[in-house]
Protein chains: 2
Amino acid sequence: MRREIVEGSIVQGSKISEPELAKRYGVSRATLREALNRLESCYLVERKANVGCRVVALTAERLIEVYQVRSSLEGLACRLAADNMEPEEIKGLKQLLNQHLQTQRVKEGESYYQEAGDLDFHYRIIQGSKNAHLIHLLCNELYQLIRMYRVQMGMVGPRVSKAFDEHLAIINAIENHDGELAEMLMKRHISASQANIQTKFDLLAKQKA
Amino acid sequence: MRREIVEGSIVQGSKISEPELAKRYGVSRATLREALNRLESCYLVERKANVGCRVVALTAERLIEVYQVRSSLEGLACRLAADNMEPEEIKGLKQLLNQHLQTQRVKEGESYYQEAGDLDFHYRIIQGSKNAHLIHLLCNELYQLIRMYRVQMGMVGPRVSKAFDEHLAIINAIENHDGELAEMLMKRHISASQANIQTKFDLLAKQKA
DNA sequence: ACCACACTAATTGTCGACAATCTAAAAAAT
DNA sequence: ATTTTTTAGATTGTCGACAATTAGTGTGGT
């Protein structure tokens, strides 16, 4: 509905006035409250009883917390995917990676496609775990928040090619049904991604000082 | 508010009629919808757009899915707790375990206290991880669902003493700040608990046939 | 006899208004 | 001048009613 706005154009930590935004979107307050509930379950807004709603603030501490959880859960998803993914799913995953290679070569600097592609890659593996609860947790709840981090931080360039290699290694592990390895590789991959955004944060803090 | 009812006295998979329950509790439909949203975020009810709300059905497949996730997340929590728990927190945890030992000896067969105690034990370790996101995920979202499983299935006896030993080993690992070991022990502990409920399920299915 | 279509009934989603609560500013007392 | 209290404003939570969509049933056609 208006995830786009939360992802980009509404400032972090800003108070949300229900009647204001209700008029802003031309809907009733009840409808907007429903929407806020959805956003709350995605961790994009935080509410306090009888106080109000604020857009979530993107702090480094929060990033670490989220990525610790994400690393653990996607590691699990990857291990399960190594056991449960169908051959044609694995085949499709490899094709997807090849597509990324091509678009990546064409648009060396631009990282947007890689970004979307990276999320798509992770998305498919999560789906491959065949664990509905896990899929819901990662794809519905955490997905938006992670996207928010990446969009607002901006994905940096040199990691693109390295991420590609890591994706390749993960696919190989899944293809060999080596769940242990796949889990470990995915955990490292996400930790690297976390470290990447962390440096971005530090850079931003230094710029401020 | 009325988690008690969902945990016990409302049948699984039963349709939820909003106006009916609204009258049942003497509140408006808007209030009840808010409550349903809360229950949905705890995975106790499931809704479909323009169709309605049903109480979640406790199946063996779902149990496995939830416990796979729980094992991974509580393993993470345990590893973090090994690094981040304060000495007095560890001390309190040991005291809690001693209390369990006493009540357990007194009420050999009765497992209710052990159950509540077990959850409390896990609860404290999760808090000890100091990861707010992880704490929310486990204590607010998953906690109720797991409680529902355990209450409706009924905890079996012989596992009580074994669980106590496992808890003890976990505390020792945390006290030694051995995160790796603590994580592994917790994962095994939860897997054992899962297997325990699984057998309960199989027994129930055999009874039916 | 079976399938398709339409109609009715119920349920969900949405709306505007009212009451309770909290925040903030202004005034008074120390 | 600072602190406390009171008061006003606004915002959230709650309520009952209306509109839209859906499920079930009954009828008609093939």
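Lettering follows sequence order; numbering is per chain, from 1. In this text the structure is predicted, and so the values were computed from the model without any measurement.
- If you measure from atom CD of E40(A) to atom P of dT12(D), you get 13 Å, rounded to the nearest angstrom.
- Partner of N131(A) under the side chain to side chain donor-acceptor pair (under 3.5 Å) criterion, chosen from R62(B), E61(B), Q68(B): Q68(B).
- A salt bridge links K187(A) to E183(A): one of the charged nitrogens lies within less than 4.0 Å of a carboxylate oxygen.
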Identify all pairs in which a protein N or O lies below 3.5 Å from an N or O of nucleotides 13-15 of chain C, and state each distance.
from, atom 1, to, atom 2, distance (Å)
dG13(C), OP1, N50(B), N, 3.4
dG13(C), OP2, R33(B), NH1, 2.7
dG13(C), OP2, R33(B), NH2, 3.2
dG13(C), N7, R29(B), NH2, 2.8
dG13(C), O6, R29(B), NH1, 3.1
dC15(C), OP2, S28(A), N, 2.9
dC15(C), OP2, T31(A), OG1, 2.4

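- Panel note: side chain S129(A), backbone L80(A); no donor-acceptor pair is recorded below 3.5 Å.
- Using a distance-only test at 3.5 Å, with no hydrogens or angles considered, a donor-acceptor pair links the side chain of E89(B) to the main chain of E86(B).
- The distance between atom CZ of R54(A) and atom P of dC22(C), rounded to the nearest whole Å, is 17 Å.
- Regarding K15(B), its NZ atom lies at a distance of 11 Å from the C1' atom of dA10(C), rounded to whole Å.
- Among residues at least two apart or in separate chains, salt bridge (Lys or Arg N to Asp or Glu O under 4.0 Å) pairs with a member in residues 94-103 of chain B are K94(B)-E175(B).
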